[in-house]
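Throughout, numbering of the chain's residues begins at 1 and tracks the sequence. Quantities reported herein were computed from a predicted structural model and do not represent experimental measurements.
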Amino acid sequence: LVRSGIANFLLDPSAKDKRDKENGKLIVYVTSCGIIRETRARCTSVGKILRNLMIRYEEKDVFVSRDHLEDLKDRLGMPPPLPLPLVFIHGNLLGDSGAVERLNESGELKSILNIFKDPEAWRNTCKKCGGFCVVPCHMCSGSKKSSYKSFSARTQVFLRCTNCDEGGLVKCDMC
């Protein structure tokens with residue numbers, strides 16, 4: 001307990017802020033890119049383990065959102081390739097797929113994640129995004145361009161949409 005207090009004190013302020021924001025959350029960084037089959041299989045395996053335990057978690061797909069990738073690189077302090085999937089509990093790293101599988105086989109994972117158990121979360125998926133937590137931008141419809149029509153010059157100018165990310169996605173407001 002004293003060691004964790006000292007470690008928390010020595011953290012830089014941005015890491016402390018992130019840890020405070022993620023207190024009470026289970027976050028899993030995964031990828032939906034299927035080019036490297038082993039990585040995709042590990043991500044699927046961790047998701048299935050958490051679903052079987054009926055654990056409520058936030059999934060951040062680094063393939064879908066560049067913000068998630070940058071966040072993970074900053075958090076780990078290492079450049080790609082990153083060892084996906086990675087599970088964070090209350091802002092602290094729990095482990096990768098190997099650690100989650102070992103904890104699950106020994107029965108410890110169920111007791112560690114018991115506070116996140118929520119059977120209702122798996123019965124009710126979001127009707128807007130289907131559980132992906134991102135939707136196409138409502139301003140540009142995912143095209144990443146918004147248009148401005150000048151009535152005086154009767155021309156149409158296309159600008160980059162400032163509402164969405166590089167993929168034309170925004171965070172779902174219902175999740």
Side-chain angles (χ1 to χ4, degrees), residues 3-4 7-8 10-110 112-113 116 121-122 125-126 129-137 140 142-145 160-172 175:
R3 285 185 182 162
S4 65
N8 192 27
L10 295 175
L11 284 175
D12 63 341
S14 64
K16 286 181 187 177
D17 291 341
K18 183 174 291 298
R19 189 172 284 176
D20 289 340
K21 273 196 273 185
E22 293 180 356
N23 192 20
K25 289 185 178 180
L26 178 71
I27 298 176
V28 182
Y29 286 92
V30 297
T31 182
S32 60
C33 180
I35 293 173
I36 304 174
R37 291 185 184 141
E38 290 178 16
T39 303
R40 180 69 183 137
R42 288 192 312 264
C43 293
T44 305
S45 172
V46 167
K48 285 180 181 179
I49 289 170
L50 295 175
R51 275 188 217 96
N52 287 340
L53 294 173
M54 290 188 230
I55 302 297
R56 174 185 29 84
Y57 66 95
E58 183 178 341
E59 186 175 276
K60 294 189 174 185
D61 193 338
V62 299
F63 182 67
V64 171
S65 176
R66 190 169 192 83
D67 293 337
H68 297 325
L69 178 63
E70 294 300 323
D71 180 38
L72 184 59
K73 283 194 303 189
D74 290 343
R75 176 178 277 199
L76 295 176
M78 59 189 288
L82 298 169
L84 295 174
L86 290 173
V87 180
F88 288 85
I89 179 170
H90 301 298
N92 299 314
L93 180 64
L94 178 67
D96 61 352
S97 63
V100 170
E101 289 172 2
R102 280 191 301 278
L103 289 170
N104 185 44
E105 289 172 3
S106 69
E108 293 177 55
L109 187 65
K110 189 173 185 178
I112 292 171
L113 301 180
F116 297 105
W122 291 107
T125 57
C126 179
C129 67
F132 289 101
C133 296
V134 290
V135 292
C137 178
C140 66
S143 70
K144 301 182 282 181
K145 295 179 182 169
R160 188 195 178 304
C161 181
T162 58
N163 193 43
C164 57
D165 63 2
E166 292 92 16
L169 301 172
V170 294
K171 191 169 174 91
C172 179
C175 289

Looking at every heavy atom in both C137 and N163, which two are closest together, and how far apart are they?
SG-ND2, 3.4 Å
Nearest heavy atoms of A99 and G95, plus distance in Å:
CB-CA, 3.9 Å
Surrounding CD1 of I36 (heavy atoms of other residues, nucleotides or ligands, distance under 6.0 Å), is the total greater than 12?
no
Could you check V30 against V46 for side-chain contact (heavy atoms from CB on, under 4.5 Å), going step by step and ending with a plain yes or no?
CA-CA 9 Å; V30 297; V46 167; 5.9 Å; no
Pairing residues for T44 by the side chain to side chain contact (heavy atoms under 4.5 Å, CB included) criterion, not counting sequence neighbours
R40, K48
How many angstroms lie between atom CZ of R160 and atom OG of S143, to the nearest 0.5 angstrom?
10.0 Å
Quick check: closest heavy atoms across G47 and Y57, and the distance to 0.1 Å?
CA-OH, 3.7 Å
Any chance you could measure L69, atom CG, to Y29, atom OH, to the nearest 0.5 Å?
10.0 Å
Side chain D61, main chain S32, donor-acceptor under 3.5 Å
yes
Treating K144 as the side-chain partner and E166 as the backbone partner, does any N or O pair qualify as donor plus acceptor under 3.5 Å?
yes
Using atom types as modelled and distance alone, determine if a side-chain donor or acceptor of S106 lies under 3.5 Å from a backbone N or O of L103.
yes
Going from CG on N92 to CG on N23, what distance comes out if it is rounded to the nearest 0.5 angstrom?
9.0 Å
Nearest 0.5 Å, what's the CG-NZ distance between D67 and K171?
10.5 Å
Donor-acceptor contact present, side-chain R42 to main-chain L84, <3.5 Å:
yes
Between D165 and G168 (side chain of the first, backbone of the second, donor and acceptor by atom type, cut-off under 3.5 Å), is there such a pair?
yes
side-chain contact (heavy atoms from CB on, under 4.5 Å) assessment of V170 paired with C164:
CA-CA 5 Å; V170 294; C164 57; 3.9 Å; yes
Go through the steps to decide whether V62 and L82 satisfy the test side-chain contact (heavy atoms from CB on, under 4.5 Å), and finish with yes or no.
CA-CA 10 Å; V62 299; L82 298 169; 5.7 Å; no
From I49 atom CD1 to R51 atom CZ, the distance as rounded to the nearest 0.5 Å:
11.0 Å
Please report the closest heavy-atom contact between T31 and C43, naming both atoms and the distance.
N-SG, 3.5 Å
Distance in Å, K110 NZ paired with N104 CG, rounded so as to fall on 0.5 Å steps:
10.0 Å
Relative to each other, are the rings of F116 and H90 parallel, tilted or perpendicular (30° and 60° limits)?
tilted
Apply salt bridge (Lys or Arg N to Asp or Glu O under 4.0 Å) to E105 and R102, showing your working.
CA-CA 5 Å; E105 289 172 3; R102 280 191 301 278; over 6 Å; no
